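Scroll down for the structure; my scribbles are underneath it.
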Amino acid sequence: MKQKAHSSGGKEDENEMMTLTLRKLCQGQISSFVHSGTGQDRKTREKARGERTFSEEEEQKLQTALSLDKQALSLVLETAAFILEQAVYHNVKPASLQQQLETIHLNPDKAGVFSQAWASAGQELVDRLKHNIFAPKKLEYVGWQLNLQMAQSSQARLKSPSTVLQLGLRSEDSEVQENVFVEFKHQELLEFYNKLEVIQGQLDSLT
């Protein structure tokens, strides 16, 4: 019986440590998303903003508490950060997050820890991201034109259509507009459009 109680206590301590870790990751995600943008891994964002979510000493304590080596801990933190990022994108409810994590066979106790941490800190993260601009430049203007190039003389009847988008960008601290021209073939434009649809869906989930 004593051994069982000790094991239960160890599990509770581990879950508590994971809860604190996830809450700190949420705070780190707020800072890193705002200063460095999404679409990057945790370490890349931390490097971009010149600071770390966890100090070297804190990571060593986590290794000891969770019985993980440095590489395994790094994988755990990267995975946890990714799960939080996806939770933000889809503005998922805590109960739904737990259910989805259990669906992919995450230990129910750990899924519950994610759900509790998200319930306590997730809304702040979502709210902060709604009111911040990630990119250093704003899109001020969009123009486009169609190009139609004739093929080689031996195949004069074949034509190669393309579209050129003009993107007018402006930094917050500048009045000068920077023009970026991007050329798309038909398939490339279709793929770009599909990505914009995904982005629009993620934005809709935050509103």
Side-chain angles (χ1 to χ4, degrees), residues 22-55 74 77-93 97 118 121-153 155-207:
L22 290 173
R23 287 177 180 173
K24 186 158 187 178
L25 270 175
C26 280
Q27 295 299 320
Q29 294 289 65
I30 290 174
S31 179
S32 62
F33 284 171
V34 168
H35 290 90
S36 307
T38 56
Q40 302 170 320
D41 62 34
R42 178 181 61 92
K43 288 185 176 179
T44 301
R45 288 195 294 266
E46 289 177 350
K47 184 177 180 181
R49 75 179 196 273
E51 59 184 76
R52 299 172 53 166
T53 302
F54 298 94
S55 66
S74 179
L77 294 179
E78 291 291 349
T79 302
F82 175 76
I83 291 172
L84 292 173
E85 183 173 329
Q86 293 303 304
V88 170
Y89 281 157
H90 300 288
N91 197 16
V92 67
K93 301 298 182 184
L97 176 62
W118 182 245
Q123 192 58 51
E124 179 189 0
L125 176 56
V126 172
D127 290 343
R128 286 287 301 275
L129 295 182
K130 284 181 180 179
H131 297 94
N132 283 279
I133 299 174
F134 307 134
K137 298 179 181 179
K138 294 182 179 180
L139 181 63
E140 297 284 344
Y141 172 80
V142 176
W144 59 276
Q145 68 178 28
L146 294 176
N147 287 340
L148 194 61
Q149 293 182 332
M150 299 298 294
Q152 298 293 330
S153 57
Q155 298 176 323
R157 294 183 180 180
L158 298 179
K159 301 175 182 179
S160 179
S162 65
T163 299
V164 176
L165 289 184
Q166 177 187 349
L167 306 178
L169 308 178
R170 180 173 296 164
S171 300
E172 290 186 346
D173 57 353
S174 174
E175 293 299 322
V176 179
Q177 177 175 294
E178 174 187 353
N179 292 313
V180 177
F181 296 89
V182 185
E183 183 177 17
F184 292 95
K185 302 296 185 183
H186 181 271
Q187 183 60 36
E188 294 170 339
L189 186 61
L190 178 60
E191 292 174 358
F192 181 63
Y193 171 80
N194 289 335
K195 289 180 180 178
L196 290 178
E197 285 284 284
V198 173
I199 294 171
Q200 182 64 56
Q202 293 175 347
L203 286 176
D204 289 343
S205 71
L206 290 173
T207 58

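From a predicted model like this one, the values you see are computed outputs, not experimental measurements. For this chain, numbers begin at 1 and follow the sequence in order. Note: hydrogens, waters and symmetry copies are ignored here, and every other heavy atom, side chains too, is used.
For the atom pair Y193 OH and Q200 CD, the distance stands at 10.0 Å (nearest 0.5 Å). One distance of note links OG1 of T163 with CG of L146; it measures 4.5 Å at 0.5 Å rounding. For the atom pair H186 NE2 and S162 OG, the distance stands at 12.0 Å (nearest 0.5 Å). Residue I199 holds its CD1 atom at 11.0 Å from CG of N194, rounded to the nearest 0.5 Å. Between H90 atom NE2 and E85 atom CD the span is 9.5 Å, to the nearest 0.5 Å. For the atom pair CG of L22 and CD1 of I83, the computed distance is 8.5 Å after rounding to the nearest 0.5 Å.
Across all their heavy atoms, G168 and N179 have their closest contact at CA-OD1, 3.8 Å. Considering all non-hydrogen atoms of both residues, V92 and W118 come closest at O-NE1, 2.8 Å. In terms of heavy-atom proximity, E175 sits nearest to R170 at O-NE, 3.4 Å.
Between L190 and F184 there is no side-chain heavy-atom pair separated by less than 4.5 Å. Between V180 and V182, the closest side-chain pair of non-hydrogen atoms falls below 4.5 Å. Looking at N147 and Q145, their side chains come closer than 4.5 Å, going by heavy atoms from C-beta outward. In this structure, V164 and W144 have side chains that are not in contact, with every pair of non-hydrogen atoms separated by 4.5 Å or more. Side chains of L167 and L139 form a contact here, defined as non-hydrogen atoms less than 4.5 Å apart. Under the 4.5 Å side-chain criterion, counting only non-hydrogen atoms from C-beta, L165 is not in contact with F181.
Every residue two or more places apart in sequence or in another chain was checked for a salt bridge (charged side-chain N to carboxylate O under 4.0 Å, His left out) with E191, and none qualifies. The side-chain hydrogen bond (donor to acceptor under 3.5 Å, both in side chains) search around Q86 returns none, not counting sequence neighbours.
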